[in-house]
K.L.:
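The structure's right below; bear with me while I get my questions together.
Order of the sequence lines fixes the chain letters, A, B, ..., with proteins taken first and strands second; residue numbering starts at 1 for each chain.
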Amino acid sequence: MEYMDILRQGSVYAAEHLIGWRLYVREVDGSLTGGVITETEAYTPEDKASHTHKGETLRNSAMFLGAGHVYVYFSYGMHWCMNLVAGSAGSGQGLLIRGIVPDKGIEKMRQRRNYQVDKLLTNGPGKVCQALGVTGTDNGALPAEGRFILLPPDGSLRLAVTATPRVGISRDTHRLWRFVLATE
DNA sequence: AAGTAGATGTTCT
DNA sequence: GAACATCTACTTA
């Protein structure tokens, strides 16, 4: 399946089924930086923890652009976090990229992350954006425009996906909308 | 190994 | 003012 077909199914479906896919950013020199998506969280308008729960605002407007767009927001006054927008235009749903395992451009990520040990490079949503160089200027972008690239899982990988409660929220904590890749 | 505090800006009450 | 889809450094055991 194409990644767009997965995103169009909605954020919960996409958050689960994009685990194992590879997310890359194209650098200005043309090289790729990124890796395997290992952790995601889904958000929908019905969900009280979602930025879109109270409708469209200036900050969250990219979440209403429809499947395939990128929503980047500024978190806790310090960090950028990126989502892939899912569902149809106007539906206001997306999935937060919480973690990847780098497999391209690792040296660039180490520099951007101030030479953290590799295990800590991209194991959190703020860390992912810092390592990939994603900021507010990427808000509203489309992968089709070439800066973001999504590739299917490496066929040799055995994918075991686990659903858990989401991290860092205080409302609608009962939803099992965090998905992690359990490697074996 | 586990817990706490501090940084810091935007959004909402 | 308070809360916040976070991260790091520093404490205590």
K.L.:
Suppose we call a contact any N or O donor and acceptor under 3.5 Å apart; does that hold for the side chain of A:Tyr76 and the base of B:dA7?
P.N.:
no

K.L.:
Roughly how far apart, to the nearest Å, are C:dA3 and B:dA5 at atom P?
P.N.:
16 Å

K.L.:
Check every atom of B:dG9, B:dC12, C:dA5 against the side chain of A:Lys54 and return the nucleotide holding the closest atom.
P.N.:
B:dC12

K.L.:
Once you apply the 3.5 Å cut-off to both distances, tell me the Watson-Crick or G-U wobble partner of C:dC4, or none.
P.N.:
B:dG9

K.L.:
Have a look at A:Arg171 and say if it touches a base, only the backbone sugar-phosphate, or nothing, with a 4.0 Å heavy-atom cut-off.
P.N.:
nothing

K.L.:
Could you tell me whether A:Asp103 and A:Arg22 make a salt bridge, using a distance below 4.0 angstrom between a side-chain N and a carboxylate O?
P.N.:
no

K.L.:
Could you work out which one of B:dA7, C:dA5, C:dC7 sits closest to the side chain of A:Ile169?
P.N.:
C:dA5

K.L.:
Nearest whole angstrom, please: distance from the P of B:dA7 to the CG of A:Asn114.
P.N.:
19 Å

K.L.:
I would like to know whether A:Lys119 and A:Asn123 meet side-chain hydrogen bond (donor to acceptor under 3.5 Å, both in side chains); could you show each step before the answer?
P.N.:
CA-CA 7 Å; A:Lys119 194 174 184 128; A:Asn123 62 336; over 6 Å; no

K.L.:
Where each residue is assigned the nucleotide of DNA chain C containing its nearest heavy atom, which of A:Val167 and A:Lys127 is assigned the position nearer the 5′ end?
P.N.:
A:Val167

K.L.:
If you find the nucleotide of DNA chain C closest to A:Ser170 and the one closest to A:Gln130, which residue's nucleotide is nearer the 5' end?
P.N.:
A:Ser170

K.L.:
Just call it for A:Met82: base, sugar-phosphate, or nothing, with non-hydrogen atoms closer than 4.0 Å on any strand.
P.N.:
nothing

K.L.:
Hey, is A:Phe74 doing a stacking thing with B:dG9, by the 5.5 Å centroid and 30° angle criteria?
P.N.:
no

K.L.:
Starting from C1' on C:dC4, measure out to CG on A:Asp47 and report it in whole angstrom.
P.N.:
14 Å

K.L.:
So does A:Glu27 pair up with A:Arg112, basic N to acidic O under 4.0 Å?
P.N.:
yes

K.L.:
Reckon A:Arg98 touches a base, only the sugar-phosphate, or nothing at all at heavy-atom distances under 4.0 Å?
P.N.:
sugar-phosphate

